[in-house]
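All chains are named by letter (A, B, ...) in the order of the sequence lines, taking the proteins before the strands, and each is independently numbered beginning at 1.
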Number of protein chains: 2
Amino acid sequence: MNYSRQRESIKEYLMSTQEHPTADVIYQHVKENYPKISLGTVYRNLTLLVDLGEVRKISTGDGTEHYDADTSAHSHYYCRCCHRVMDLEVTPSVDQILSASSAGLGTVEMASLLFTGVCKDCI
Amino acid sequence: MNYSRQRESIKEYLMSTQEHPTADVIYQHVKENYPKISLGTVYRNLTLLVDLGEVRKISTGDGTEHYDADTSAHSHYYCRCCHRVMDLEVTPSVDQILSASSAGLGTVEMASLLFTGVCKDCI
DNA sequence: TAGTAAAATAGTAATCATTACTGATTTATC
DNA sequence: GATAAATCAGTAATGATTACTATTTTACTA
């Protein structure tokens with residue numbers, strides 16, 4: 001895999017923000033430094049970064065995926081009102097992961113915990 | 001809200017299956033009893049049932065949503081290979097939910113735990 | 001049991017996120 | 001600097017989901 005300025009910029013932006021932006025939001029931001037970048041490039045590199053394990057994809061069911069460069073074990077809180085995703089320090093417990101692993105369904109590569117509700121700004 | 005045969009049939013099919021079908025799979029099955037049903041009707045009723053809390057929507061990030069009429073507390077295992085969703089008895093712990101509630105982000109209406117990997121049929 | 005208004009439907013068109021394609025540009029190597 | 005592979009920008013295509021509209025069904029009442 002070759003180096004690419006665009007990919008670097010996408011990752012930098014993701015690491016700099018506490019939000020959990022969608023591909024389009026990432027595109028808007030990276031465009032400030034690379035005005036000619038195309039949305040397809042953003043998608044392609046996000047997929048790459050997710051496959052490399054450097055970025056996490058968060059599926060909330062709101063119609064678009066969210067991305068997070070913080071790959072440490074943590075959970076997310078999703079507001080069904082403003083569609084924002086926030087970090088939570090809660091993590092899937094070792095017991096839960098072990099239990100999922102020993103259920104015999106297959107390998108467990110990722111455990112993801114998502115809480116949904118209405119955030120305090122939206123109440 | 002009025003009764004509708006189509007909505008009833010969608011719910012019946014969902015309750016009868018152990019799979020976690022997508023809207024299109026539901027459509028294909030319900031069509032056996034209601035050949036004239038339209039995909040839009042399936043989507044509209046799924047949204048309704050989810051809002052009523054009678055059906056759960058499962059977002060795996062595979063490009064389409066999955067649905068589950070079992071609304072009891074349980075988790076899911078997702079095979080990134082065959083894209084099937086399977087049930088797991090593991091549940092978010094009381095501690096995790098309490099911890100999420102007390103984090104002060106907002107209300108917690110739903111806690112969802114998803115394990116991803118490669119199922120034994122795909123290994 | 002027919003008459004009526006609200007709710008739901010089938011069918012189709014539109015939207016929007018994401019992916020695929022292509023010819024031009026950039027990166028790594030020699 | 002020359003070359004091949006990787007990546008890109010731009011655009012077209014795909015596919016899931018939603019919106020729209022004229023028709024049918026449901027619930028209610030005379």
Novice: Please check if atom CD in A/Glu89 has more than 12 non-hydrogen atoms from other residues, nucleotides or ligands closer than 6.0 Å.
Specialist: no

Novice: Over how many whole Å does the gap from A/Lys57 atom NZ to C/dA17 atom C1' extend?
Specialist: 11 Å

Novice: Looking at every heavy atom in both A/Ser38 and A/Tyr27, which two are closest together, and how far apart are they?
Specialist: C-CE1, 3.8 Å

Novice: If you assign each of B/Asn2 and B/Thr47 to its closest nucleotide in DNA chain D, which residue comes earlier from the 5' end?
Specialist: B/Thr47

Novice: Specify the separation, in whole Å, of atom CG of A/Asn33 and atom P of D/dA9.
Specialist: 13 Å

Novice: Any base atoms under 4.0 Å from A/Tyr43, or only sugar-phosphate, or nothing? Heavy atoms, all strands.
Specialist: base

Novice: Round to the nearest Å and state the distance from A/Asp51 atom CG to C/dT19 atom P.
Specialist: 11 Å

Novice: Return the nearest nucleotide to the side chain of A/Thr41; candidates are C/dT27, C/dT18, D/dC8.
Specialist: D/dC8

Novice: Have a look at A/Arg44 and say if it touches a base, only the backbone sugar-phosphate, or nothing, with a 4.0 Å heavy-atom cut-off.
Specialist: base

Novice: Indicate, with a heavy-atom threshold strictly under 4.0 Å, whether A/Leu39 touches base, sugar-phosphate, or nothing.
Specialist: base

Novice: Round to a whole Å and report the spacing from OH of B/Tyr27 to C1' of D/dA16.
Specialist: 14 Å

Novice: Starting at atom OH of B/Tyr34, determine the distance to atom P of C/dA10, rounded to an integer number of angstrom.
Specialist: 10 Å

Novice: So, is A/Thr22 close to the C/dA17 phosphate, meaning a side-chain N or O under 4.0 Å from OP1 or OP2?
Specialist: no

Novice: B/Tyr3 OH to D/dC28 P: how many Å, rounded?
Specialist: 15 Å

Novice: Within the structure, does a side-chain N or O atom of A/Gln6 lie under 4.0 Å from either OP1 or OP2 of C/dT26?
Specialist: no

Novice: How many Å lie between CE on B/Met1 and C1' on D/dT25, as a whole number?
Specialist: 15 Å

Novice: Check the phosphate of C/dT27 against A/Ser4, side-chain N and O only, distance under 4.0 Å to OP1 or OP2. Yes or no?
Specialist: no

Novice: Using a distance-only test with no angle check, is there a side-chain donor-acceptor pair under 3.5 angstrom linking A/Glu65 and A/Ser59?
Specialist: yes

Novice: Are B/Thr47 and B/Arg44 linked by a side-chain donor-acceptor pair shorter than 3.5 Å?
Specialist: no

Novice: In whole angstrom, give the distance that lies between atom CZ of A/Arg5 and atom P of D/dA6.
Specialist: 19 Å

Novice: Where the side chain of A/Lys36 is concerned, which of C/dG11, D/dA6, D/dA9 is the nearest nucleotide?
Specialist: D/dA9

Novice: Count the heavy atoms belonging to other residues, nucleotides or ligands that lie under 6.0 Å from CD of A/Glu54, then report whether that count exceeds 12.
Specialist: yes

Novice: Nearest to the side chain of B/Glu65 - D/dT17, C/dT26, D/dA9?
Specialist: D/dT17

Novice: Of the listed nucleotides (C/dT19, D/dA9, C/dT9), which one gets closest to any side-chain atom of B/Asn45?
Specialist: C/dT9

